[in-house]
Amino acid sequence: MSTVSAQANDIPPPGEVVTSPNVTHVGTLPKLPGLEATTNSDIAFQGDYAYVGNYGGFSIYDIRNPTRAKLVSGVLCPGSQMDVSVHGDLLFTAVDNSRNDDSCNSVGQTADIKESWEGVRIFDISDKKNPKYIKAVETACGSHTLTLVPGKGRDQRRNVYLYVSSYNPSAAFPDCQPPHDKISVIKVPLRKPTDAAVVATPVVFPDGGNETQPGLLLPTSGCHDITVYAEKDIAAGACMGDGVLFDISDRANPVVTERTTDPNFAFWHSATFNNRGNKVIFTDELGGGSLATCNEATGPTRGADAVYEIVKGKLVFKGYFKIGRHQTDTENCVAHNGSLIPVKGKDIMVQAWYQGGVSFVDFTDPANPREFGYFERGPEPDGGRGGIWSAYYYNGYVYASDFRRGLDVLRIDDRLTDPAKRVRMDRLNVQTQSSYPERRH
């Protein structure tokens, strides 16, 4: 399909790409053969490569020249969501889909069978053309998402840690008993990653989480996703019915320091700190990502981002952001995964909205965040689910994983974001934030 500019409130023709004038659709990279029918999920970056998770495995792309990026290889290894993080020669993938064993030949098997497996798979990616599966670690209730946490001090060269988020326990599941309300911490020795193991299961909600608020998608029974800012020893947890802050100065024993709820939030989904670490944006996955919630009937404060300032360790609400580009009632649309764009003195991010596409947001004024660019497609021609799962900025371009099509490559040319082109990164695991140079205020 051709790319055309459109007014913000236009509904594009089915499947057709539209952008704001400052955004260019560079192209779409295909999925690894064999993954065409399964959903693309999260993305990680290292050097000249992008790693795209998929419910059926993952793909590796060479993005040395983003205008001529190409598929290198991948692995067929089913087990949703296959969210990914990368460190050195290791790729970590999250599996929250009960399997009959931990192999890449496994098939689905119900969690009420004790021998069923779900958790984290580890791959050796030293040879980008031939990744190798080297280790599996089972975790309670599986691994819906995972967050890579570097060791601290001398430990940084020896170990990395994974904070594993999971939820939805049941008395019928031997390895996922209620109330759960915890995360799993995996320690990975870098010299011998095959010794990776769970070393702690800290309880996030010892007295129970938010379970009775009207409009919750599910009562709190754990966390959906955690973002760490290791340099500052803090983390933000999006935990179903709750938003929390952690002190992670002891990597294996994160401690909750602040907790909040929001009557407009149905499901706290993900979190992003600003560069200075004094703001955090939480997203609300209203409808679980399957419903059309970017419409006039739902309104601007539900299924939105909530922007908080961190004041003396407390979360202070400042404002909501939601795309104003109304979608049709066939389009699943909700706030999803995004990343900062590294502009000194500004708080700017790019974010996925499923069939709402990709939004560029300035939240420097936390009470008045605004969209200043976008990319989207018209409704899926068959009326089914689709859209952009994650949209992340990396070394001058935005990479967006489309459920169905593959990896979209975008470029934004705008006075607000142009300074970011001078910032180069050698890796990006979005849930593992690190700072970029910031001007003095």
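With F282 as reference, W268 is the one residue of W268, Y320, F317 to meet the ring pair (Phe, Tyr, Trp, His ring centres under 6.0 Å) rule. Applying side chain to side chain donor-acceptor pair (under 3.5 Å) to R404 and the options N40, D382, T39 leaves one that passes, D382.
Of the possible donor and acceptor atoms, one in the side chain of T227 sits under 3.5 Å from a partner among the backbone N and O of A271. In this structure, S85 contributes its side chain and T147 its backbone to no donor-acceptor pair below 3.5 Å. Checking side-chain atoms of R325 against main-chain N and O of G356 turns up a donor-acceptor pair under 3.5 Å. Side chain of N65 to main chain of A69: no donor-acceptor pair is present (N/O by atom type, distance under 3.5 Å, no hydrogens or angles). Of the possible donor and acceptor atoms, one in the side chain of Y163 sits under 3.5 Å from a partner among the backbone N and O of R251. In this structure, the side chain of H144 does not engage the main chain of S165 through any donor-acceptor pair within 3.5 Å. For the pair N429 (side chain) and V86 (backbone), a donor-acceptor distance under 3.5 Å is present. Put simply, the side chain of D408 never gets that close to the backbone of Y399: no donor and acceptor are under 3.5 Å apart. Between the side chain of Q355 and the backbone N or O of E380, at least one donor-acceptor pair lies under 3.5 Å. Judged by distance alone, with hydrogens and angles left aside, the side-chain atoms of E36 form a donor-acceptor pair with the main-chain N or O of G34 at under 3.5 Å.
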- Message: Using the rule given for side-chain contact (heavy atoms from CB on, under 4.5 Å), can you reason through V334 versus W353, listing the C-alpha separation, both sets of side-chain angles and the distance that settles it, and then say yes or no?
- Response: CA-CA 5 Å; V334 73; W353 290 79; 5.6 Å; no
- Can you check side-chain hydrogen bond (donor to acceptor under 3.5 Å, both in side chains) on Q81 and S41, steps first, answer last? CA-CA 7 Å; Q81 299 181 140; S41 57; over 6 Å; no
- Stepwise salt bridge (Lys or Arg N to Asp or Glu O under 4.0 Å) check, D175 with K114: CA-CA 7 Å; D175 298 321; K114 173 64 179 174; 2.7 Å; yes
- Item | Stepwise side-chain contact (heavy atoms from CB on, under 4.5 Å) check, S143 with V95 | CA-CA 5 Å; S143 176; V95 180; 5.7 Å; no
- Between D250 and K152, is a salt bridge (Lys or Arg N to Asp or Glu O under 4.0 Å) present by the stated rule, with each step listed? CA-CA 8 Å; D250 181 349; K152 187 175 180 180; over 6 Å; no
- Task: Please step through side-chain hydrogen bond (donor to acceptor under 3.5 Å, both in side chains) for the pair N54 and T38, ending with a clear verdict.
- Result: CA-CA 7 Å; N54 179 286; T38 44; 2.6 Å; yes
- Could you go through the side-chain contact (heavy atoms from CB on, under 4.5 Å) check for F403 and W389 one step at a time? CA-CA 6 Å; F403 276 42; W389 182 286; 3.8 Å; yes
- Task: Check the pair T201, S184 against side-chain hydrogen bond (donor to acceptor under 3.5 Å, both in side chains), reporting the backbone distance first and the verdict last.
- Result: CA-CA 4 Å; T201 54; S184 296; over 6 Å; no
- What do the steps show when you test E376 against Y354 for side-chain hydrogen bond (donor to acceptor under 3.5 Å, both in side chains), and what is the final call? CA-CA 9 Å; E376 68 167 288; Y354 284 179; over 6 Å; no
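Checked by atom type, the side-chain pair N97/R99 shows a donor-acceptor distance below 3.5 Å. A donor-acceptor contact closer than 3.5 angstrom is absent between the side chains of Q109 and S98. When only modelled atom types and interatomic distance are considered, D96 and Y167 share no side-chain donor-acceptor pair under 3.5 Å. Donor-acceptor pairing under 3.5 Å is recorded for the side chains of E231 and S435. Side-chain polar atoms of D242 and N210 form no donor-acceptor pair below 3.5 angstrom. D225 and H269 share no donor-acceptor pair across their side chains, judged by distance under 3.5 Å alone. Side-chain contact of T145 with D83: a donor-acceptor pair under 3.5 Å is absent, judged by distance alone. When only modelled atom types and interatomic distance are considered, N105 and S103 share no side-chain donor-acceptor pair under 3.5 Å. With hydrogens and angles left out, the side-chain atoms of S166 and H180 include a donor and acceptor closer than 3.5 Å.
Using a 4.5 Å heavy-atom threshold, the side chains of P33 and L71 count as touching. In this structure, D402 and L407 have side chains that are not in contact, with every pair of non-hydrogen atoms separated by 4.5 Å or more. When side chains are defined from C-beta on, Y436 counts as touching N275, because their heavy atoms get closer than 4.5 Å. Between S339 and V350, the closest side-chain pair of non-hydrogen atoms falls below 4.5 Å. At least one side-chain heavy atom of D155 sits under 4.5 Å from a side-chain heavy atom of Y161. Within the 4.5 Å cutoff, no side-chain heavy atoms of L217 are placed close to those of M240. Counting heavy atoms from C-beta outward, F375 and V17 have side chains that approach closer than 4.5 Å.
Here R385 does not pair with E331 in a salt bridge; the nearest charged N to carboxylate O distance is not below 4.0 Å. A salt bridge is defined here as a Lys NZ or Arg NE, NH1 or NH2 lying under 4.0 Å from an Asp or Glu carboxylate O, and D284 with K322 fails to meet this definition.
Under the 30°/60° scheme for interplanar angles, the aromatic rings of F58 and F123 are found to stand perpendicular. Taking the six-membered ring where tryptophan is involved, the planes of Y392 and F45 are perpendicular, since the angle between them exceeds 60° and thus also 30°. Relative ring orientation between Y229 and F273 is described as tilted, the plane-to-plane angle lying within the 30° to 60° band.
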Please tabulate, one pair per line, all N/O donor-acceptor pairs under 3.5 Å involving side-chain atoms of residues 298-316, not counting sequence neighbours.
unit_1	atom_1	unit_2	atom_2	d
T298	OG1	N295	OD1	2.6
D305	OD1	Q351	NE2	2.9

When the side chains of residues 125-135 are checked against the rest of the protein, which donor-acceptor pairs come out under 3.5 Å, sequence neighbours left out?
unit_1	atom_1	unit_2	atom_2	d
S126	OG	D124	OD1	2.7
D127	OD1	K129	N	3.1
K128	NZ	I125	O	3.1
Y133	OH	D102	O	2.5
K135	NZ	T194	O	3.2

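The structure places CD of Q431 at 12.0 Å from CG of L162, a figure rounded to the nearest 0.5 Å.
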